[in-house]
Amino acid sequence: MDRRTIISDRVDCYNMALIAIREGAIVSHDAVLCAGTHAIDDPGLALIVKPIEVGREAWIASGAFVGPGVSVAEGAVLGARAVAFGNLEPWGVYVGNPARKLRQRKPFELPKTELDGH
Ligand SMILES: CC(C)(COP(=O)(O)OP(=O)(O)OC[C@H]1O[C@@H](n2cnc3c(N)ncnc32)[C@H](O)[C@@H]1OP(=O)(O)O)[C@@H](O)C(=O)NCCC(=O)NCCS
């Protein structure tokens, strides 16, 4: 987790592989970040783990599901209850299951603070 990040109540951060939450990103309540799955054609159901990245200033809204290997680019929004198994583009807004792009979000830059550089 980088600085200015928020993980809300009841978020399931199932980090069998690395889950990186970049600066300013928010993960709202009841969201699931799931970094693993199983090989369903293998009788032994072999475990497959893949890292997740939630980019700078991105927002994973309430109850959303982020699957293994997903990269949520800077500023992207995954709407409430949406399910993402593919990568989200920078500043894109995604909703639904499977998540589909709704629109583009207006990018922003936060002002520099006294913490910058430390
Ligand atoms: C993703 C989100 C930010 C989009 O906001 P927005 O761009 O202002 O979107 P709008 O409200 O204008 O809705 C646009 C369309 O998308 C649909 N839509 C919006 N959010 C949706 C969602 N999460 N799932 C499915 N459809 C959604 C709307 O029904 C609307 O459809 P229509 O054009 O057929 O009427 C917002 O809807 C959302 O999911 N917010 C998260 C709420 C939340 O988690 N709150 C807790 C905060 S801690």
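First listed ligand is number 1; within each ligand, the first listed atom is number 1. Owing to the predicted nature of the structure, the values given are computational and were not obtained by experimental measurement.
Within the 4.5 Å cutoff, side-chain heavy atoms of Cys13 are placed close to those of Leu33. Val66 is not listed as a side-chain neighbour of Ile19, based on a closest heavy-atom distance of 4.5 Å or more.
The heavy atom nearest to atom 23 (N) of ligand 1, out of those in Ala80, Ala82, Gly63, is found in Ala80.
Protein heavy atoms are absent from the space less than 4.0 angstrom from atom 17 (C) of ligand 1. Less than 4.0 angstrom separates atom 7 (O) of ligand 1 from at least one non-hydrogen atom of the protein. For atom 33 (O) of ligand 1, the nearest protein heavy atom lies 4.0 Å or farther away. Checking atom 28 (C) of ligand 1 against the protein gives no heavy-atom contact under 4.0 Å. Inside a 4.0 Å radius of atom 12 (O) of ligand 1 there is not any protein heavy atom. There is a protein heavy atom less than 4.0 angstrom from atom 43 (C) of ligand 1.
Among protein heavy atoms, the minimum distance from atom 46 (C) of ligand 1 is reached at Ser62 OG, 3.2 Å. The closest protein non-hydrogen atom to atom 9 (O) of ligand 1 is Leu102 CD2, 3.9 Å. Here the heavy atom of the protein found nearest to atom 40 (N) of ligand 1 is Trp59 CH2, 3.9 Å. Of all protein heavy atoms, the one closest to atom 1 (C) of ligand 1 is Gly79 CA, 3.6 Å. When only non-hydrogen protein atoms are considered, atom 2 (C) of ligand 1 lies nearest to Val93 CG1, 4.6 Å. The closest protein non-hydrogen atom to atom 25 (C) of ligand 1 is Val95 CB, 3.7 Å.
Here the closest non-hydrogen pair linking Leu78 and Ala64 is CD2-CB, 3.8 Å. Across His29 and Ser8, no two heavy atoms sit closer than the pair N-CB, 3.3 Å. Across Ile60 and Ala31, no two heavy atoms sit closer than the pair CG2-CB, 4.0 Å. Contact between Pro68 and Ala35 at its shortest, heavy atoms only, is CB-C, 3.7 Å.
The Ala61 neighbourhood of ligand 1 comprises atoms 41 (C), 44 (O), with distances under 4.0 Å to a heavy atom of that residue. Within ligand 1, the atoms closer than 4.0 Å to a non-hydrogen atom of Ser28 are 48 (S), numbered from 1 in the order shown.
Under 4.0 angstrom from ligand 1, the non-hydrogen atoms of Arg103 all belong to its side chain.
Trp59 and Leu102 fall within the same hydrophobic cluster, defined by Ile, Leu, Val, Met, Phe, Trp and Tyr side-chain heavy atoms under 4.5 Å apart, directly or through other members. Tracing side-chain contacts under 4.5 Å through hydrophobic residues (I, L, V, M, F, W, Y), one never reaches Val54 starting from Val93; they form parts of separate clusters. Using a 4.5 Å cut-off between side-chain heavy atoms of Ile, Leu, Val, Met, Phe, Trp and Tyr, with links allowed through other members, Ile6 and Val11 fall into different hydrophobic clusters.
Of the candidates Arg105, Arg22, Arg4, Glu57 forms a side chain to side chain donor-acceptor pair (under 3.5 Å) with just one, namely Arg4.
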